[in-house]
Chemist: 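Submitted below is the structure of interest, expressed as structure tokens.
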Amino acid sequence: MPIRFGVLGHPVAHSLSPQMQEAAFAHEKISARYGRFEIPPDELRDALRLMGELGFGGANLTVPHKVAALDLVESTDANARRAGAVNTVIFDNGKSRGFNTDGTGFSRAIAEEFDRGLRDLQVLVLGAGGAARAIAAQCLEDGVSHLAVWNRTAARALEMRAQLLGYYETAPIEIIESTPDALSASVARADLIINATSVGLRSDDPPLISRAAFTNRHFVYDTIYRPSRTRLLEEAAAAGAATANGLSMLLHQGAAAFTLWTSRPAPLDVMRDALRRAASA
Ligand code: ATR
């Protein structure tokens, strides 16, 4: 029987992970199937337990399960603990081990898209959910000079800051007030701006940052990849900023997950081609 894998989300129908991972397994001649599983939050615990019992090889977690999964797996690696979120699980004789590849995936995506590392950048992260946490932790790991976090619900941003300070005691983390003026001032100071909220998933979502705030020295990364260009990216690009969407982060987090499951280097070009095909379908 093929080794079974899957992504658990709510909603999950639009996940492109199956196309990307099945292309990688086929290329490596590994007999495996990777499915999508629509799992509401109150079923996540049972779903993970059942997958272990049924002999699944591993899983990915997406919205809204990444933070909750931290307490539902039997062990976690340092990346998952630092981010406070799990996006990849290995089932090992029925036992679940949690990892987080979003941070390293993000770091590789920035290097690939903008041809530079995170070190010494002034970074502004929008959001305080699972994706934002992994990105923020990676920014500190890679030595950004300043990390500003803006979130609609300020309390969640403060909670994220407290968690990160547990790992990076002297980290330069600033929480931006949830007002438009405070956000614009913070955009003016930033080199790299990352949207890790779900704003922009719908094409009529008004962007969180006003068009006038962008300049041609900004780098703007949107973790959203469908639509392929959110209004945030369009407006930033119109101001001359360098922009990129979240397909590269999806690719690199998926490649790192593939390596965790198989102990093999991921066939990156095969996975990238499969993703591009699926994203434009
Ligand atoms: P993920 O795991 O993908 O990060 P999540 O944990 O549900 O998903 O986080 C979604 C993020 O998008 C949060 O930062 C959320 O802000 P709140 O903490 O205030 O809920 C943000 N978000 C969702 N809808 C938003 C909106 N209409 N305006 C601003 N932020 C929004």
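Every number for a ligand or one of its atoms is a count from 1 in the order of the listing.
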Chemist: Could you pull out all residues at least two apart from D205 that satisfy salt bridge (Lys or Arg N to Asp or Glu O under 4.0 Å)?
Modeler: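 For D205, the residues satisfying salt bridge (Lys or Arg N to Asp or Glu O under 4.0 Å) (neighbours in sequence not counted) are R202.
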Chemist: Note the single closest protein heavy atom to atom 13 (C) of ligand 1, along with its residue, its atom name and the distance in Å.
Modeler: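 Result for atom 13 (C) of ligand 1: R156 NH1, 3.6 Å.
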Chemist: So do I194 and F106 actually touch side chain to side chain, heavy atoms under 4.5 Å?
Modeler: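 Side chain of F106 against side chain of I194, heavy atoms only: contact under 4.5 Å found.
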Chemist: Counting non-hydrogen protein atoms only, what is the nearest one to atom 27 (N) of ligand 1? Give residue, atom name and distance.
Modeler: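 The answer is R152 NH1, 3.3 Å.
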Chemist: Is the backbone of A80 close enough, under 3.5 Å, to the side chain of D77 for a donor and an acceptor to pair up by distance?
Modeler: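 Yes; at least one donor-acceptor contact below 3.5 Å.
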Chemist: Stepwise, does the salt bridge (Lys or Arg N to Asp or Glu O under 4.0 Å) test hold for E112 with R108?
Modeler: CA-CA 6 Å; E112 185 177 282; R108 285 180 196 145; over 6 Å; no
Chemist: Could you check atom 2 (O) of ligand 1 against the protein and tell me its nearest heavy-atom contact, residue, atom and distance included?
Modeler: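 That would be G130 N, 3.3 Å.
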Chemist: If you count the atoms of ligand 1 from 1 in the order shown, which ones are under 4.0 Å from a heavy atom of A128?
Modeler: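 Selected atoms, number and element: 14 (O).
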Chemist: Does at least one non-hydrogen atom of S198 fall below 4.0 angstrom from an atom of ligand 1?
Modeler: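 True for this residue.
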Chemist: Find all atoms of ligand 1 within a distance of less than 4.0 Å from any non-hydrogen atom belonging to G129, and give their numbers and elements.
Modeler: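 Once the distances to G129 are compared, the set is 4 (O), 6 (O), 9 (O), 14 (O).
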Chemist: Taking the side chain as everything from C-beta on, heavy atoms only, tell me whether W261 gets closer than 4.5 Å to F25.
Modeler: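 W261 reaches F25 side chain to side chain.
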Chemist: As an exercise, identify every atom of ligand 1 less than 4.0 angstrom from a heavy atom of G127.
Modeler: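 By the 4.0 Å cutoff, the relevant atoms are 14 (O).
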Chemist: Are the side chains of H65 and T62 in touch, meaning some heavy atoms are under 4.5 Å apart?
Modeler: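 They are not in contact (no side-chain heavy atoms under 4.5 Å apart), so the answer is no.
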Chemist: Name the closest protein heavy atom to atom 8 (O) of ligand 1, giving the residue it belongs to and the distance to 0.1 Å.
Modeler: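 Here the closest protein heavy atom is V63 CG2, 4.0 Å.
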Chemist: Should the proximity of T153 to ligand 1, defined as any heavy atom under 4.0 Å, be assigned to the side chain, the backbone, both, or neither?
Modeler: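 Looking at T153 and ligand 1, atoms from backbone and side chain both fall under 4.0 Å.
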Chemist: Select the closest option to atom 16 (O) of ligand 1 among N151, V125, N87, judged by heavy-atom distance.
Modeler: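 Looking at heavy atoms only, N151 sits closest to atom 16 (O) of ligand 1.
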Chemist: Should one rank V199, I135, T197 by closest heavy-atom distance to atom 21 (C) of ligand 1, which comes out on top?
Modeler: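 Selected option, by shortest heavy-atom distance: T197.
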Chemist: Please enumerate all residues that pass side chain to side chain contact (heavy atoms under 4.5 Å, CB included) together with A182, with sequence neighbours excluded.
Modeler: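 For A182 the side chain to side chain contact (heavy atoms under 4.5 Å, CB included) partners, ignoring immediate neighbours, are I176, E177, T179.
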Chemist: Less than 4.0 angstrom from a charged side-chain N to a carboxylate O is my criterion; do E235 and R229 meet it?
Modeler: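 No.
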